[in-house]
Peer 1: 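The structure is given below, and queries will be raised subsequently.
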Amino acid sequence: SGAGLLLHYIERQLEVQVPRHPQHPPPTMTHHLEISPADTGFMIMCAGLVQLMTPGLAFFYGGLVRHHNSIAMMSQNFVSLAVTSVVWVIFLFSLCFGESWDPWGIIGNPTTFAFFQTVGMHEPLTNGTSGGTTARIPGLLFGFYQCMFAVITPALMTGAFADRMRYKAWLLFLILWLMLVYAPWCHMVWGGGLFAKMGVQDFAGGIVVHTTAGFSCNAILLVLGRRAVLPGGEEDMDIPHSVPLTFLGTALLWFGWFGFNCGSALSANSVAATAGWNSQVSAAAAMMSWTIIDWFVKGKPGLVGKCVGCIAGLATVTPAAGFIQPWGALIVGLVAAPSCYACVLLSKRLGFDDALDVWGVHGMGGALGTILLGVLADGAECADAATAPEWCVNPGTVVRSPKQFGIQVMAAVLCAFHSFVMSYLLLKLIGLGFTLTYTAEEQHAIDTFEHGEVGYYHVTAEIRESSSPRAVSLEKASPPPPSEQLAPEDLDVETTDAYESTEESESIAWATKKKGGGCVMM
């Protein structure tokens with residue numbers, strides 16, 4: 001129109017921007033223009049998906065342990081959402097993504113974002129050199145998203161020491177471990193620190209999440225020792241009490257992992273899409289491979305094996321998800337299953353009582369994926385984003401080369417070593433003031449002893465010849481056949497009255513004995 005041409009002419013002559021709608025002047029805070037609504041909405045969704053992974057992990061682990069310790073396992077996972085989030089607000093976010101506190105870039109300054117006072121709500125991060133300073137999302141959202149990674153990382157370790165570490169010791173270890181293991185590696189790799197400057201790449205947590213947690217587990221197991229043997233024999237301890245719970249947890253983890261890997265692109269773009277598809281391909285390939293191995297070794301294709309294989313594929317592809325082609329993700333998945341399976345067997349052969357195979361699946365899976373990135377990333381033609389071909393996944397970031405391979409190996413090895421040593425020292429230090437493990441008697445019913453709750457009220461129990469209520473052996477979570485169930489008239493009057501008087505006050509229905517022996521389902 002004529003008015004538009006006139007405005008255009010005035011702008012060119014005066015070299016200023018004339019507002020089209022003077023009655024609604026543009027906001028004075030120009031940083032609003034730096035935020036992408038699409039990226040912001042996408043990252044809010046991804047943060048929610050990653051948050052869902054922690055309850056998913058609780059279901060996954062809770063189904064794999066014995067039924068009378070399932071509440072304890074879920075509680076150890078779930079409490080990380082509270083403890084880690086609070087510590088994250090106060091100083092942990094600063095340790096991870098603040099300005100380097102030392103000349104080498106090992107740890108962030110705890111005052112940079114203390115209490116989130118300098119974390120912008122309307123602009124990206126203004127301090128530090130992490131991805132949060134260049135992403136087109138609010139700095140507050142970047143902190144929110146990264147907090148979910150910090151929440152689930154220590155929770156991964158709980159599967160290794162199932163039935164052993166006391167709750168108080170775990171809470172203290174959780175906080176110290178985040179400060180002295182997670183925060184340094186998060187800062188060095190993701191926060192613009194030492195290894196970021198050296199060119200180490202970790203797209204979504206192969207080093208920062210899986211390697212730190214996985215290798216810390218072996219140190220913890222050395223300190224805590226093995227689980228107490230149940231009357232039924234040691235082999236019974238590795239039988240999942242609820243495969244459906246484990247399947248549900250796997251489904252939630254797989255679903256949440258798209259937020260884990262896609263969101264690490266920090267933008268709703270082609271890199272996020274590629275990372276999501278690579279996650280799907282690797283998980284599927286690893287599940288298929290693990291099922292074939294299970295079928296060959298055990299003679300049957302179990303559902304638990306499918307669940308574990310899926311997780312192995314996701315953990316292994318995580319550090320490379322946004323840097324490799326889909327064919328590379330297929331290779332990662334096919335390699336992950338036999339490699340992690342072998343590591344699980346090796347762990348048992350070496351005498352580690354890794355209850356839920358955390359080191360073999362997460363520790364070695366994350367380290368393997370970190371190393372494979374050096375050989376599966378795009379070629380040298382993708383090194384320069386300005387001249388890279390259109391088919392490059394993430395041009396201008398990382399390309400495969402012997403040098404990159406060496407850097408990735410070095411970072412994985414150093415991370416494994418530091419995580420192991422620091423976790424061992426931390427737990428030894430905590431042991432000077434706290435009892436670390438449950439007694440053999442307490443391990444038979446941690447839910448009741450520690451939390452005063454049980455996952456299944458209708459259990460078959462047998463009261464031993466002991467005056468201590470803890471000396472109860474919980475044997476089955478399913479009712480006996482109808483022919484073996486006792487009628488009310490078959491019970492002693494005294495035991496029936498005792499049960500009725502305590503039915504509402506007791507947290508568990510203890511079994512009562514029939515005249516001449518036997519037990520009844522309450």
Side-chain angles (χ1 to χ4, degrees), residues 80 83-114 125 127-133 142-143 145-157 172-220 264 318-319 359 362-363 366-367 369-371 407-430:
S80 181
V83 175
T84 304
S85 297
V86 171
V87 176
W88 187 259
V89 171
I90 299 172
F91 62 85
L92 189 60
F93 181 54
S94 298
L95 293 181
C96 293
F97 295 101
E99 298 173 341
S100 293
W101 204 17
D102 58 275
W104 305 281
I106 296 176
I107 194 74
N109 189 326
T111 65
T112 303
F113 301 117
L125 292 183
N127 293 315
T129 56
S130 70
T133 61
F142 178 78
Y145 178 69
Q146 289 296 337
C147 177
M148 298 301 101
F149 282 73
V151 165
I152 197 172
T153 302
L156 292 173
M157 296 185 288
L172 181 56
F173 179 79
L174 167 64
I175 296 173
L176 295 177
W177 188 88
L178 285 169
M179 294 169 54
L180 300 176
V181 178
Y182 182 83
W185 283 97
C186 184
H187 183 75
M188 287 190 289
V189 177
W190 288 344
L194 176 65
F195 287 108
K197 296 175 182 176
M198 296 174 61
V200 172
Q201 294 288 349
D202 180 8
F203 187 74
I207 297 174
V208 178
V209 176
H210 297 288
T211 303
T212 56
F215 280 86
S216 293
C217 289
N218 283 348
I220 296 171
S264 292
T318 289
W359 173 75
H362 292 278
T370 299
I371 294 170
I407 292 175
Q408 298 295 120
V409 171
M410 175 198 65
V413 171
L414 289 178
C415 179
F417 177 77
H418 172 263
S419 301
F420 180 92
V421 173
M422 186 59 69
S423 297
Y424 183 87
L425 295 177
L426 280 177
L427 209 52
K428 281 291 188 181
L429 179 64
I430 295 172

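Here the structure is a predicted model, which is why all the values come from computation and not from measurement.
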Peer 1: Measure the spacing between SG of C96 and CE of M188 and express it to the nearest 0.5 Å.
Peer 2: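 The CE atom of M188 is 11.0 Å from SG of C96, to the nearest 0.5 Å.
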
Peer 1: So L156 and V209, do their side chains get closer than 4.5 Å, heavy atoms only?
Peer 2: yes

Peer 1: Does a donor on one side chain and an acceptor on the other come within less than 3.5 Å for W190 and S130?
Peer 2: no

Peer 1: Distance alone, cut at 3.5 Å: any donor-acceptor contact between the side chains of H187 and W101?
Peer 2: no

Peer 1: Is the side chain of Q408 donor-acceptor paired with the backbone N or O of Q201 at a distance under 3.5 Å, no angle test?
Peer 2: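 Yes.
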
Peer 1: Search all heavy atoms of I207 against all heavy atoms of A411 and return the closest pair with its distance.
Peer 2: CD1-CB, 3.9 Å

Peer 1: If you look at every heavy atom in C186 and F97, which pair is closest and at what distance?
Peer 2: SG-CZ, 3.5 Å

Peer 1: According to the interplanar angle, ranging from 0 to 90°, do the rings of W185 and F195 count as parallel (below 30°), tilted (30 to 60°) or perpendicular (above 60°)?
Peer 2: parallel

Peer 1: Look at the rings of W177 and Y182 and say which category their plane angle falls in: under 30° parallel, 30 to 60° tilted, over 60° perpendicular.
Peer 2: tilted

Peer 1: So, does S94 use its side chain to make a donor-acceptor pair with the main chain of A114 at under 3.5 Å?
Peer 2: yes

Peer 1: Taking N218 for its side chain and W359 for its backbone only, find out whether a donor-acceptor pair lies under 3.5 Å.
Peer 2: no

Peer 1: Nearest 0.5 angstrom please: L92 CG to Q146 CD, how far?
Peer 2: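 So the gap between those two atoms works out to 11.0 Å.
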
Peer 1: Restricting to non-hydrogen atoms, name the atom on Y145 and the atom on S264 that form the minimum distance, rounded to 0.1 Å.
Peer 2: OH-N, 3.1 Å

Peer 1: CZ of F173 to CG of L429: how many Å apart, nearest 0.5 Å?
Peer 2: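 Between atom CZ of F173 and atom CG of L429 there are 11.0 Å.
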
Peer 1: If you take all heavy atoms of T133 and G128, which pair is closest and at what distance?
Peer 2: CG2-O, 3.4 Å

Peer 1: Kindly indicate whether the side chain of F113, heavy atoms from C-beta on, has any atom under 4.5 Å from the side chain of W88.
Peer 2: no

Peer 1: With a 3.5 Å distance limit and no angle check, can you tell me whether S423 reaches the backbone of F420 through a side-chain donor-acceptor pair?
Peer 2: no

Peer 1: Measuring from L172:CG to I430:CD1, what's the distance to the nearest 0.5 Å?
Peer 2: 4.0 Å

Peer 1: Out of curiosity, I175 CD1 to S80 OG, how far, rounded to the nearest 0.5 Å?
Peer 2: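 OG of S80 is found 10.0 Å from CD1 of I175.
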
Peer 1: Find the distance between CG (L180) and CD1 (I107) and round it off to the nearest 0.5 Å.
Peer 2: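 If we round to the nearest 0.5 Å, L180:CG and I107:CD1 are 8.0 Å apart.
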
Peer 1: Could you walk me through whether L125 and F142 pass the side chain to side chain contact (heavy atoms under 4.5 Å, CB included) check?
Peer 2: CA-CA 8 Å; L125 292 183; F142 178 78; 3.6 Å; yes

Peer 1: How about S85 and V151: do any of their side-chain heavy atoms sit closer than 4.5 Å?
Peer 2: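 Heavy-atom side-chain distance check passes, below 4.5 Å.
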
Peer 1: What are the two closest heavy atoms between C415 and T211, and how far apart are they?
Peer 2: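 Reported closest heavy-atom pair: SG-CG2, 3.7 Å.
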
Peer 1: If I compare all heavy atoms of G192 with all of T129, which pair ends up nearest, and what's the gap?
Peer 2: CA-OG1, 3.3 Å

